[in-house]
Amino acid sequence: MKLDAEWVRLRIPFVSVYSCAMDPLTHFLDGPRATGAFALSMQMSSPWAIRVRDNAALTVLAVTRGQARVDGVLLAAGDVALIRGPEPYAVTDAAASPPSIEIGPGQVCTTLDGRDLRDELRHGIRRWGNTANGETSLLVGTYERTDAAGGLVSRALPRVAIVPHDRADGSLVGLLEREIENDDPAAQVVVDRLLDVLVVSTIRSWVNDPDRAGKVTWLTCADPLVARALEYLHAEPAAPWTVETLARQVNTSRASLAARFRTGVGEPPMTYLTRWRLILAGDLLHSPEYTVSEVARSVGYTNAYAFSTAFKRQVGATPSEFRQRRPVLSHPDAAPNLSLAEHAGRPPEWNRRHPSTEEHPS
């Protein structure tokens, strides 16, 4: 594709913020304002059951001892599950006992009638449950993102994606389990990264499972031509793409690309591109150094009004309203880090917060 002046002008602001290409999964786990994800060890002895209504985008749950059920599906030791939000779900003992504990928005933990359980179920740093050492032990991490980046990732997964122990990375789960018990100052950084790696490893194992069933999405696309097209869109989201120019890049016809992209990804190329652009725009809007016009140009909109219209149609708020109603996370005082003791005092604390977006081109 010819790099004309308009292309370069559109790309300059974007490159200054996103210095390398990233796909939606990378952006979800390691975006420019990533905050510490929190993992914990959950110790439970029967009977027990938890109703989860935290509205989180994605939860990873690994059984390290005993058995548990997620929405009735039995998991054995070594199995790892990815749970797509934000709909409620239940985690129970193998006998599928009725829920007696509820996890609500903000990871507030109570009985079903609202009694606070934070002190009763706390067993030290990153350790939580109805007993100190339960017959069932779970590692749990939640990405509390209801934004479009979370949506792009979670929509690519079934409601519950299970990787059995013979396909899961047991050594990684074991390493995370050991690190969770570590209370030195650097432990939280290691836990954060290990949790991210566990999510990626689990998604890879699920995608590569020959027995996997589910709808087609960008994550499961097996068409090499469409995969190349996705790489171009992820790498250059601000470029003035059309179906025709994208088709030329991957050496096929416009009609062929459009048909194969819809088959492989589940939506048209430009619909997917718009969704991706507005995800990135949502991040940039949290940086006080960029105006709305600059954000618009950085994600491929030459007209701020068109960008604002598209953004509002997708998010339900104009870019300015979106910026005002959410904290500017790039500011050092906007998102103070909780100490590990504070984390342990609000069980279960499974946090990674980001902004929201999603939409259609213009």
CZ/Arg248 to OH/Tyr232 distance, rounded to the nearest 0.5 angstrom?
12.0 Å
Using a 4.5 Å cut-off on heavy atoms from C-beta on, say whether the side chain of Leu112 contacts that of Arg51.
yes
List the steps and the verdict of side chain to side chain contact (heavy atoms under 4.5 Å, CB included) for Leu233 and Trp241.
CA-CA 8 Å; Leu233 297 182; Trp241 293 111; 3.7 Å; yes
Is any side-chain heavy atom of His165 less than 4.5 Å from a side-chain heavy atom of Asp79?
yes
Any side-chain heavy-atom pair of Ser308 and Val292 under 4.5 Å:
no
Are side-chain heavy atoms of Leu40 and Ile180 found at a separation under 4.5 Å?
no
More than 12 heavy atoms of other residues, nucleotides or ligands under 6.0 Å from CZ of Arg204: yes or no?
no
If you compare all heavy atoms of Leu278 against all heavy atoms of Ala310, which two are closest, and at what distance to 0.1 Å?
CD1-O, 4.0 Å
Heavy-atom closest pair, residues Tyr272 and Glu267
CD1-OE2, 3.3 Å
Kindly indicate whether the side chain of Ile83, heavy atoms from C-beta on, has any atom under 4.5 Å from the side chain of Arg159.
yes
Going by heavy atoms in the side chains, are Leu138 and Val91 under 4.5 Å from each other?
yes
For Ala229 and Leu246 the tightest heavy-atom approach is O-CD1, 3.9 Å
As a test of understanding, state which of Val163, Val173, Val60, Asp169 forms a side-chain contact (heavy atoms from CB on, under 4.5 Å) with Ser201.
Asp169
Minimum-distance pair of heavy atoms, taken over all atoms of Thr92 and Ala49
CG2-CB, 3.6 Å
Please report the interatomic distance OG1(Thr202) to CD1(Ile162), rounded to the nearest 0.5 Å.
12.0 Å
Checking Val226 against Val265 for the side chain to side chain contact (heavy atoms under 4.5 Å, CB included) test, could you report, in this order, the C-alpha distance in whole Å, the side-chain angles of both residues, the deciding distance, and whether it holds?
CA-CA 8 Å; Val226 176; Val265 178; 3.7 Å; yes
Interatomic distance, Tyr89 atom OH to Ile50 atom CD1 [nearest 0.5 angstrom]
9.0 Å
Determine whether a donor-acceptor pair (N or O, by modelled atom type, separation under 3.5 Å) exists between the side chain of Arg127 and the backbone of Ala132.
yes
Modelled atom types, side-chain donor and acceptor of Asn182 and Arg126, under 3.5 Å
no
How long is the straight-line distance from CZ of Phe307 back to OG1 of Thr318, given to the nearest 0.5 Å?
9.5 Å
What pairs of donor and acceptor atoms, side-chain ones from residues 64-76 against any protein atom, are under 3.5 angstrom apart with sequence neighbours left out?
| from | atom 1 | to | atom 2 | distance (Å) |
| --- | --- | --- | --- | --- |
| Thr64 | OG1 | Ser137 | O | 3.0 |
| Thr64 | OG1 | Ser137 | OG | 3.0 |
| Thr64 | OG1 | Glu177 | OE2 | 3.3 |
| Arg65 | NE | Gly134 | O | 3.1 |
| Arg65 | NH2 | Gln43 | OE1 | 2.9 |
| Arg65 | NH2 | Gly134 | O | 2.7 |
| Arg69 | NE | Ala94 | O | 2.7 |
| Arg69 | NH1 | Gly72 | O | 2.8 |
| Arg69 | NH2 | Ala94 | O | 3.4 |
| Asp71 | OD1 | Ala90 | N | 2.9 |

With rounding to the nearest 0.5 Å, note down the distance linking CZ in Arg262 to OG1 in Thr271.
7.0 Å
Which heavy atom in Ser298 sits nearest to a heavy atom in Val295, and how many Å separate them?
OG-O, 2.7 Å
In the structure I gave you, are the side-chain heavy atoms of Leu117 and Thr111 within less than 4.5 Å of one another anywhere?
yes
Drop me the distance from His123's NE2 to Thr131's OG1, to the nearest 0.5 angstrom.
6.0 Å
Side chain to side chain contact (heavy atoms under 4.5 Å, CB included) assessment of Val315 paired with Phe322:
CA-CA 8 Å; Val315 180; Phe322 177 85; 4.0 Å; yes
Look only at the side chain of Arg277 and the backbone of Val299, and say whether a donor-acceptor pair between them is shorter than 3.5 Å.
yes
For a quick test of reading the model, state the closest non-hydrogen atom pair linking His234 to Trp276 and the distance between them.
CA-NE1, 3.4 Å
Close side-chain approach of Arg228 to Gln249, heavy-atom, < 4.5 Å
no
Let me have the donor-acceptor pairs involving side chains of residues 254-261, under 3.5 Å, with sequence neighbours excluded, atom names and distances please.
| from | atom 1 | to | atom 2 | distance (Å) |
| --- | --- | --- | --- | --- |
| Ser256 | OG | Thr252 | OG1 | 3.2 |
| Arg260 | NE | Asp223 | OD2 | 2.9 |
| Arg260 | NH2 | Asp223 | OD1 | 2.8 |
| Arg260 | NH2 | Asp223 | OD2 | 3.3 |

